[in-house]
Participant: 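Please find one structure pasted underneath; my questions will follow.
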Number of protein chains: 2
Amino acid sequence: MAKVPYRTYLTEEEMPKQWYNIRADMKELPDPLLNPGTLQPLTAPEDLYPVFCEELCKQEMDTKTRYIDIPEEVLEYYKTFRPSPVIRAYNLEKALDTPAKIYFKFEGNNTSGSHKLNAAAAMAYYAKAQGLTSLTTETGAGQWGTALSMACAFFGLDLTVYMVKVSYQQKPFRKAVMETYGAKIIPSPSDTTEVGRAILANNPNTGGSLGCAISEAIEVSMRDDNCRYALGSVMNQVLLHQSIIGLESKIAMEKIDEYPDVVIGCAGGGSNLGGLMAAFMQDKLTGKTNSRFVAVEPASCPSLTRGRYAYDFCDTGRMTPLARMYTLGSDFIPSPNHAGGLRYHGMSPILSKLYHDGYMEAIAVEQNKVFEAATLFAKQEQILPAPESSHAIYGAIQEALKCKESGEAKTILFGLTGTGYFDMQAYTQFNEGTMSDYVPTDADLQSGFNGLPKVD
Amino acid sequence: MAKVPYRTYLTEEEMPKQWYNIRADMKELPDPLLNPGTLQPLTAPEDLYPVFCEELCKQEMDTKTRYIDIPEEVLEYYKTFRPSPVIRAYNLEKALDTPAKIYFKFEGNNTSGSHKLNAAAAMAYYAKAQGLTSLTTETGAGQWGTALSMACAFFGLDLTVYMVKVSYQQKPFRKAVMETYGAKIIPSPSDTTEVGRAILANNPNTGGSLGCAISEAIEVSMRDDNCRYALGSVMNQVLLHQSIIGLESKIAMEKIDEYPDVVIGCAGGGSNLGGLMAAFMQDKLTGKTNSRFVAVEPASCPSLTRGRYAYDFCDTGRMTPLARMYTLGSDFIPSPNHAGGLRYHGMSPILSKLYHDGYMEAIAVEQNKVFEAATLFAKQEQILPAPESSHAIYGAIQEALKCKESGEAKTILFGLTGTGYFDMQAYTQFNEGTMSDYVPTDADLQSGFNGLPKVD
């Protein structure tokens, strides 16, 4: 058989026309969202209409429809930055001297610098289709804010982004990209919202958190009937839109006669891993295959490996419905030395459930090891990876080294979610040897757990 | 016929295996390089061996071999970031309401952020093959330095980069990328070389220039017999390696049954435009087609549109051979308000000759107009372009608007050489309305011309 090419692309005709809703194949569903006032399960999409676009609320609650049509306008928009390639990491394999075959799905070659544009496309489109004029959102490291800025510019919507203050200060150029796409950027916590003012009153010097930025963005969206809020991770709707990653990967791997023995992704809120693994997890859920799935998270924000599987708020201001998920508590804020994203306190309820039920593994890794993996990858594969994505690289390297030991030629697929062009401050720290690791103690984590709402 | 896809990729099998040497088809050749001491023509590759790798010297002087094999190792390396797509700018066409069909060859989706990696690959490979252990080079905006850092990391060579001081200060993150690939970065002018010390003695506060950084890099390379110098533009060898751009474009356009009526590229030293247009210019030189070719340069560094066609040094320190080219004089330094690259005083001798002989047109544009075009493009095509590349976007938009007026459905192909992720300072200035334009007066240019060597 001919040598597998470095890069495998789909043609436009081969691109998936539907998203895949993994809940339709799960043996047990994630627990329902709870109304934050009554603590009763949300039963109908209408319960979420004040916060999200109507179509997105339907998708959020839809546990049955296996495949959902991608709207024609979104398909056309996808073609401006998709398909993304599945790449064979020949040079990394050689450097590791492993018999493993390492593949990665590269979602970073669009201007958002990540896979986030897949969901942003859908959210901006549905907002426009509903006749809305604006959206609000939060962003941490900046990929999601950039993605939604791009999609809103394309579909013609105003956008306000609450950007975690520490990122706002560390990454002025991320802000500049979003502004180039016409978005308004506000450092969070801010004095533009009640929740922001309350947080600032308690802690004027806080660097902010995703949970807090979410609260602010929701509060602002509720003021204007032509505005809704959009969230870039965690939610079922996001994993649905991100399923395009795995669907494309599966078709690409079929074209080269491959199938992954292990699928690896970084995990913050779960959008990328949930999207990458869905189409492959379907095969496992339906008994066709028995691949392994590995989530790699930062040791400094270890929701899966050290969090509680419990009902919790999705934001710091406790405005959102409660979700049952692996969580460090909605007050949790990662150590300031934590570089990059993957800093959310919780984890997608779908991924949490799959992990809880034993379909998925998880490991946590300290950031110096992550940047070691990133640098090796950059030199071998000639792509400068985002710190987030480099968690998955680390995981893939570990699997490949295990294969070296065992002599097995396993097929590894990992998600390279993004590029690191806006993360050079962190790379500089690593290059200069001044990057520190931080692993919270059990006592550190306890205060977050103490704040968990009493539901179960 | 089916709608042309947004993105057309070649397969690995379709990728060109040879570079194209346009000199083999030129009716009149560029004038030969002159020895800087004797002012006599260089006649043999050996004359350049002290500066460049031997194989590159042969390519530099080879005016006859039409196609030159790309070494197997370089072909393999190309596959880590090539093929690059030819993209149909459907959304830009719609926004402009033009009957024109706009295509662009997107060379920016690799970590160097530009087409520069095409030539860096060849230079690093030939250096390694010759048994050298290190290279030196200069970089301005940073793409070339990043590209050569990547290629040197891949092929296992040490690299020292002299980075124009004003860029070094404005772009610490470019420096960090190069350091991640293991390169040593020195702001130029520096006290590490005689030429640097002399320039600093005259003008301690200078922000440096490409011409000066070239002198320093050459001086250092001459000290070590295992080291040579590498140049990222201007030279014949560079245009040869960059011919891959146009060769791929031509095959891609054949696949979608298209051929450009006009080919447009930004022009600094000429590496990108020379590479993009070569395969199409061949058809014009051999009488098969009559396409137009347009170079777009900054109004603040207008070598083609306002320079002299004269013998000049390629560097400020007057160490290099002399080349006959359009030049503003080797002492010329663009105004400090000039953003981005395209700041070299001269222009590739091949492009200069083709322009001089009427095969190519040139226009100059002020930078606020360039960033207007960049922003429109970013919103429509969802790619954040480099300031350099945006000169070509501006040129393409002008051609498309002419088609709107005339009703002609011309096929436009331009080179999108790179992405703007490291240029957000300039975008911020534009967004804030603080970007200024600068067009040198004839008197401003005269001092550069006064320094031209007396040869002709």
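What you see is a predicted model; the values in this text were computed from it and never measured. Numbers restart at 1 for each chain; the letters A, B, ... are given by sequence-line order, proteins then strands.
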Participant: Mind checking whether B:Y421 and A:F422 have parallel, tilted or perpendicular rings, split at 30° and 60°?
Facilitator: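 Ring orientation of B:Y421 relative to A:F422: perpendicular.
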
Participant: Let me know if A:T419 has heavy atoms under 4.5 Å from chain B in its side chain, its backbone, both or neither.
Facilitator: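 Interface part for A:T419: neither.
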
Participant: Taking it one step at a time, do A:T111 and B:Q382 satisfy side chain to side chain contact (heavy atoms under 4.5 Å, CB included)?
Facilitator: CA-CA 7 Å; A:T111 289; B:Q382 299 277 299; over 6 Å; no

Participant: More than 12 heavy atoms of other residues, nucleotides or ligands under 6.0 Å from NZ of B:K369: is that the case?
Facilitator: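 At most 12 heavy atoms, drawn from other residues, nucleotides or ligands, come within 6.0 Å of this atom.
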
Participant: If you count heavy-atom pairs under 4.5 Å with chain A, which of B:R88, B:K379, B:Q425 comes out on top?
Facilitator: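 Going by pairs under 4.5 Å, I would pick B:K379.
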
Participant: To the nearest 0.5 Å, how far apart are NZ in A:K171 and CE in B:M424?
Facilitator: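 Going from NZ on A:K171 over to CE on B:M424, the span is 14.0 Å.
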
Participant: Select one option (side chain, backbone, both, neither) describing which atoms of A:E13 are under 4.5 Å from chain B's heavy atoms.
Facilitator: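 Contact with chain B involves no heavy atom of A:E13 at all.
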
Participant: Does A:K17, at its NZ atom, have more than 12 non-hydrogen atoms belonging to other residues, nucleotides or ligands within less than 6.0 Å?
Facilitator: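 Counting other residues, nucleotides and ligands, NZ of A:K17 exceeds 12 neighbours.
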
Participant: Between B:E381 and A:F154, is the side chain to side chain contact (heavy atoms under 4.5 Å, CB included) condition met? List the steps.
Facilitator: CA-CA 9 Å; B:E381 295 298 322; A:F154 189 81; over 6 Å; no

Participant: What part of A:F173 is in contact with chain B, defined as an atom under 4.5 angstrom from a non-hydrogen atom: side chain, backbone, both or neither?
Facilitator: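 Contact with chain B: backbone and side chain both.
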
Participant: Counting only heavy atoms closer than 4.5 Å, note whether A:Y77 contacts chain B via side chain, backbone, both or neither.
Facilitator: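 Contact with chain B involves the side chain of A:Y77 alone.
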
Participant: For chain B, find which of A:N110, A:L384, A:N109 contributes the most heavy-atom pairs closer than 4.5 angstrom.
Facilitator: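 Ranked by contacts with chain B, first place is A:N109.
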
Participant: Regarding B:T180 and A:N431, do their side chains bring together a donor and an acceptor under 3.5 Å, going by distance alone?
Facilitator: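 Present: a donor and an acceptor within the cut-off.
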
Participant: B:R7 and A:R82: which non-hydrogen atoms are nearest, and at how many Å?
Facilitator: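 Looking at all heavy atoms of both residues, the closest pair is CD-O, 3.9 Å.
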
Participant: Based on non-hydrogen pairs under 4.5 Å, which of A:I383, A:T375, A:D423, A:T428 is most in contact with chain B?
Facilitator: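 Max contact count across the listed options: A:I383.
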
Participant: With only heavy atoms counted, which part of A:N91 is less than 4.5 Å from chain B, the side chain, the backbone, both or neither?
Facilitator: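 The side chain, not the backbone.
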
Participant: Can you tell me which portion of A:A151 sits under 4.5 Å from chain B's heavy atoms? Options are side chain, backbone, both or neither.
Facilitator: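 Answer is backbone: N, CA, C or O of A:A151 sit under 4.5 Å from chain B.
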
Participant: Where on A:R174 is there a heavy atom nearer than 4.5 Å to chain B: the side chain, the backbone, both, or neither?
Facilitator: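 For A:R174, neither part sits under 4.5 Å from chain B.
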
Participant: Could you check whether A:E76 and B:Y6, counting side-chain N and O atoms only, form a donor-acceptor pair closer than 3.5 Å?
Facilitator: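 There is such a pair (donor and acceptor under 3.5 Å, judged by atom type) between the side chains of B:Y6 and A:E76.
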
Participant: Would a 4.5 Å heavy-atom cut-off, applied to side chains only, mark B:E179 and A:Y427 as touching?
Facilitator: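 Of all side-chain heavy-atom pairs linking A:Y427 with B:E179, none is under 4.5 Å.
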
